[in-house]
There are 4 protein chains.
Amino acid sequence: MSYNLLKGKKGIVFGALNEMSIAWKVAELAVEQGAEIVLTNTPVSIRMGDIDQLAEKCNAHVVPADATNVEDLENLFTKSMELLGGKVDFVLHSIGMAPNVRKGNSYDNLNYEYLKKTLDVSAISFHKVLQAAKKLDAINEWGSVVALTYVAAQKTMYEYNDMADAKAMLESITRSFGYIYGREKRVRINTISQSPTVTTAGSGVKGFDKLIDFSERMSPLGNADATECAEYCITLFSDLTKKVTMQNLFHDGGFSSMGMSYRAMRQYNKSFSEE
Amino acid sequence: MSYNLLKGKKGIVFGALNEMSIAWKVAELAVEQGAEIVLTNTPVSIRMGDIDQLAEKCNAHVVPADATNVEDLENLFTKSMELLGGKVDFVLHSIGMAPNVRKGNSYDNLNYEYLKKTLDVSAISFHKVLQAAKKLDAINEWGSVVALTYVAAQKTMYEYNDMADAKAMLESITRSFGYIYGREKRVRINTISQSPTVTTAGSGVKGFDKLIDFSERMSPLGNADATECAEYCITLFSDLTKKVTMQNLFHDGGFSSMGMSYRAMRQYNKSFSEE
Amino acid sequence: MSYNLLKGKKGIVFGALNEMSIAWKVAELAVEQGAEIVLTNTPVSIRMGDIDQLAEKCNAHVVPADATNVEDLENLFTKSMELLGGKVDFVLHSIGMAPNVRKGNSYDNLNYEYLKKTLDVSAISFHKVLQAAKKLDAINEWGSVVALTYVAAQKTMYEYNDMADAKAMLESITRSFGYIYGREKRVRINTISQSPTVTTAGSGVKGFDKLIDFSERMSPLGNADATECAEYCITLFSDLTKKVTMQNLFHDGGFSSMGMSYRAMRQYNKSFSEE
Amino acid sequence: MSYNLLKGKKGIVFGALNEMSIAWKVAELAVEQGAEIVLTNTPVSIRMGDIDQLAEKCNAHVVPADATNVEDLENLFTKSMELLGGKVDFVLHSIGMAPNVRKGNSYDNLNYEYLKKTLDVSAISFHKVLQAAKKLDAINEWGSVVALTYVAAQKTMYEYNDMADAKAMLESITRSFGYIYGREKRVRINTISQSPTVTTAGSGVKGFDKLIDFSERMSPLGNADATECAEYCITLFSDLTKKVTMQNLFHDGGFSSMGMSYRAMRQYNKSFSEE
């Protein structure tokens with residue numbers, strides 16, 4: 001349902017690969033709520049994914065950019081301001097890569113070149129996005145930037161590996177840059193810490209289906225899905241949340257505040273029935 | 001501006017005293033966004049304040065209730081469902097009282113009867129509201145309940161006294177009941193931790209103006225005011241935040257994530273100029 | 001092994017019932033480390049439990065006191081200073097009671113008189129202990145006070161009920177009073193958040209054995225037991241931790257920092273084997 | 001005073017430069033408490049600093065190692081086990097470097113090569129230390145590893161710059177590796193979040209003296225100094241804290257739990273006297 005909550009707003013959405021992507025849902029919903037957007041991703045992801053479909057649906061332009069490359073980012077913001085006819089009001093950062101996870105390197109056997117890649121793509125890219133935007137003065141006053149993160153930044157989840165450290169750094173960048181960008185340009189920066197979500201990225205983690213089951217039973221409202229995450233993003237891009245900044249906001253059906261639920265414990269207890 | 005974000009929703013707003021009250025702004029804004037509401041407060045506050053004006057403006061009924069009294073609360077929910085023609089979708093709890101603060105009792109010289117009063121009015125009342133609502137099944141599935149709190153629950157603020165303990169308990173009730181109400185009825189429960197706000201309640205705290213100055217300089221976006229708080233409440237009552245529950249959400253211009261800002265430190269440093 | 005870590009120190013230990021009690025272990029270990037102590041508990045607990053045995057073993061006096069009663073507490077501190085020949089250096093608060101849990105009232109069906117009892121015994125008693133001690137100037141400079149708490153104060157554990165709210169308040173009192181007592185008398189105040197422990201108190205919670213199993217498998221170092229908790233208390237009473245105050249310190253084998261462990265997940269997954 | 005708290009234990013201390021260093025104090029105190037240690041630092045720091053004096057005083061060997069270099073670290077652990085005649089029981093990581101701070105690059109104008117250096121030296125080095133130790137099985141069961149951090153990882157402190165992000169990552173590594181090393185070898189890993197301390201490293205930060213003044217007035221017990229930090233480290237290396245792991249432990253006189261103190265506010269208010 002459209003409330004025109006983002007009427008007249010312009011935005012840039014990073015990280016839409018295919019229709020399972022959270023970024024995909026954010027793009028769709030932002031446009032539905034009245035926004036005009038530019039979509040971006042790496043050239044490789046653009047080839048592999050279906051972003052052109054999305055662009056058509058959203059009446060949006062696609063500007064390729066590698067978010068670890070400062071020049072690409074400066075080009076992206078410059079082009080976006082041209083295409084959108086002015087500065088942007090919101091940015092979504094939904095970017096991550098974990099070569100150590102993909103290669104099956106356990107956390108006590110990290111390849112440090114891969115770790116650097118993980119940090120560069122999943123965390124430092126966010127700083128580069130913000131620094132490029134600020135240098136070009138590309139975000140309007142009271143603009144809103146959101147990055148996606150996961151509770152493993154606070155609570156260790158086995159198999160999440162060095163991605164946990166990257167997310168912890170991402171959340172720190174959110175605070176550090178949130179302070180600077182807030183005091184100087186009134187731009188707010190937050191992360192949404194989302195339930196484990198069945199996306200192309202998420203599904204690479206081993207044992208992911210069982211983790212999702214556990215998370216579902218632990219969360220009083222159940223896991224949040226990609227569409228619900230997009231809805232929450234929209235509220236953060238809107239003018240109704242202007243004084244929320246430097247926060248990590250859990251969007252997870254309550255998981256982050258649970259120690260143990262009856263439903264999860266009942267399931268857990270079944271495991272003993274045959275012993 | 002109306003987005004009709006609460007179109008068709010029904011709500012109960014506790015704690016509107018006069019137009020400085022956050023609850024007052026929430027009531028106004030909720031109605032502006034399409035909601036129908038019932039206003040409530042204690043008989044004393046109703047006499048002392050201007051709630052009838054607000055009721056008229058909002059086309060709302062006033063149902064008196066002492067939130068520490070279970071019967072009053074049951075009557076409130078029953079009446080509200082009659083007046084609104086069905087279950088409610090949202091509730092705002094903006095209630096507090098601190099007789100030890102008012103009487104100038106320092107925290108190491110508490111009157112324990114006053115402490116009980118503080119807890120009863122400022123924290124336990126929230127449990128009573130929720131328990132009464134649940135017993136009467138007075139809140140629709142995916143309904144939303146918000147209570148207002150303050151960062152002193154986490155970080156000690158001198159002069160905030162036993163109210164800090166009451167707020168810590170309030171936030172715990174939010175989690176504890178959020179689990180139960182979420183798993184059984186899909187109702188979400190959150191607190192908003194708001195900047196120090198110039199209201200009739202807030203202005204009772206000693207040295208409050210200087211604290212507000214410090215808070216303003218510490219917060220990259222400045223303090224959040226009552227209207228902005230109301231706007232944030234609206235997003236939490238809307239259908240766009242369905243999976244946010246059991247959270248304490250800071251709405252404070254970034255204060256809660258600051259250790260020291262340049263602006264506050266520059267001011268602080270001036271204090272040494274004459275020494 | 002004795003390091004004489006508390007040589008020459010005097011302390012008061014609340015809450016030793018029988019040899020399963022954490023307070024029992026703290027008393028034994030404190031004396032082993034060179035301290036002189038006074039034991040205290042309610043008259044009922046003294047009759048029901050084995051504190052006289054402990055007193056003999058520890059060469060300690062027993063001074064009965066109901067920790068919800070200010071006069072009793074003032075008498076306790078006065079007597080203790082007489083018996084020990086001076087002010088005390090450390091205090092352990094290990095006190096809790098949850099009549100709603102005992103009576104099987106679920107959290108959405110609380111008896112509010114019982115809730116008041118829960119708060120009075122489990123949280124407010126800590127404030128009363130501190131206020132009485134400060135009024136009588138009964139704690140030496142750089143003294144140390146510790147209260148025991150549980151992670152349910154932060155993360156909801158089903159069946160822990162209103163005790164979670166009491167513990168949240170207890171931890172807030174620790175901060176609030178830690179500020180006052182620290183600035184004025186250099187006394188530090190902390191809580192230890194301990195693993196679920198098989199004590200007479202703990203074992204009353206329904207499904208407690210399975211919760212302990214889950215907690216054990218989640219914690220990389222396994223659950224902490226009562227003796228280990230006592231060892232940790234000793235370090236906090238010693239002169240080696242003088243600048244630690246207003247903290248909630250997890251002593252739980254890592255549980256509080258875990259989202260999901262391999263061991264717990266492997267067990268959880270077994271539950272699906274027959275379905 | 002020696003309690004022989006580390007009698008028979010062997011350890012490695014990273015980061016002692018001169019007698020202002022926290023690591024220096026830790027080395028002295030560990031030996032005083034009965035430990036045998038190996039000192040290490042980069043070749044450059046060894047030349048610039050006074051570590052040989054410390055080695056003599058502590059009857060310790062110095063093994064040079066660049067903590068960003070895996071081979072150096074493997075050599076360090078191998079040599080240390082030879083020199084100490086067995087596996088080690090504790091490790092202190094007190095390592096940091098912030099070229100962006102040193103060069104005066106503000107946080108919105110970071111040099112990304114410098115950022116990588118900051119992360120490599122201040123955070124990833126900790127992972128390398130742990131991974132090297134685990135591969136060589138160089139730490140005894142129930143061994144203890146501590147790294148030093150600062151509250152800026154949670155709360156933004158102006159001028160602390162990208163070091164905040166490095167510290168956030170360091171604390172995440174502590175949790176992530178604490179899980180793995182705990183479950184497999186019973187090794188515990190924690191960070192101590194220390195007051196701002198006048199060391200050669202700390203004094204490089206602009207406006208550091210005024211920040212220390214503010215911190216002193218905010219902390220009910222005042223700032224913790226380097227010797228007190230060393231004392232706290234000793235408790236974490238001892239056998240009395242075996243079940244504490246994956247924690248960030250504030251050692252700061254209460255600063256981290258304060259929102260505003262009377263003393264700091266009184267000073268702040270003086271700043272308005274001339275206006």
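All values derive from a computational prediction rather than experimental measurement. Convention: sequence-line order gives letters A, B, ...; per-chain numbering from 1.
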Point to revise | Heavy-atom contact with chain D under 4.5 Å, split by part of C:Tyr181 | key: neither

Practice item. Let me know which of D:Thr174, D:Thr149, D:Thr191 forms a side chain to side chain donor-acceptor pair (under 3.5 Å) with D:Asn248. Key: D:Thr191

Practice item. Pick one of side chain, backbone, both or neither for C:Leu249, based on which atoms fall under 4.5 Å of a heavy atom in chain D. Key: side chain

Exercise for review: Look only at the side chain of D:Ser215 and the backbone of D:Leu211, and say whether a donor-acceptor pair between them is shorter than 3.5 Å.
Suggested key: no

Exercise for review: Would you name the heavy atoms of D:Leu54 and D:Glu28 that are closest together and state the gap between them?
Suggested key: CD1-CG, 3.8 Å

**Study point:** chain C contact via D:Arg186 - side chain, backbone, both or neither, heavy atoms under 4.5 Å
**Key:** both

Exercise for review: With a 4.5 Å cut-off on heavy-atom pairs, point out which of C:Arg183, C:Glu231, C:Lys243, C:Met246 contacts chain D the most.
Suggested key: C:Lys243

Check your understanding: Without hydrogens or angle criteria, can the side chains of C:Arg175 and C:Tyr179 be said to hold a donor-acceptor pair below 3.5 Å?
Key -> no

Study note, to complete from the structure: For residues 252-261 of chain D against chain C, heavy atoms under 4.5 Å, the residues are D:Asp252, D:Gly253, D:Gly254, D:Ser256, D:Ser257, D:Met258, D:Ser261

**Study point:** ring pair (Phe, Tyr, Trp, His ring centres under 6.0 Å): pairs with one or both residues in residues 210-235 of chain D, sequence neighbours excluded
**Key:** B:Tyr268-D:Phe214, D:Tyr232-D:His251

Check your understanding: Relative to chain C, which segment of D:Asn190 carries a heavy atom at a distance below 4.5 Å: side chain, backbone, both, or neither?
Key -> neither

Exercise for review: Please check if the side chain of D:Asp225 supplies one atom and the backbone of D:Glu228 the other of a donor-acceptor pair under 3.5 Å.
Suggested key: yes

Exercise for review: Check for a donor-acceptor pair, side chain of D:Gln33 on one end and backbone N or O of D:Tyr3 on the other, with a separation under 3.5 Å.
Suggested key: yes

Review point. Does D:Thr241 use its side chain to pair, donor to acceptor, with the backbone of D:Phe237 at less than 3.5 Å?
Key: no

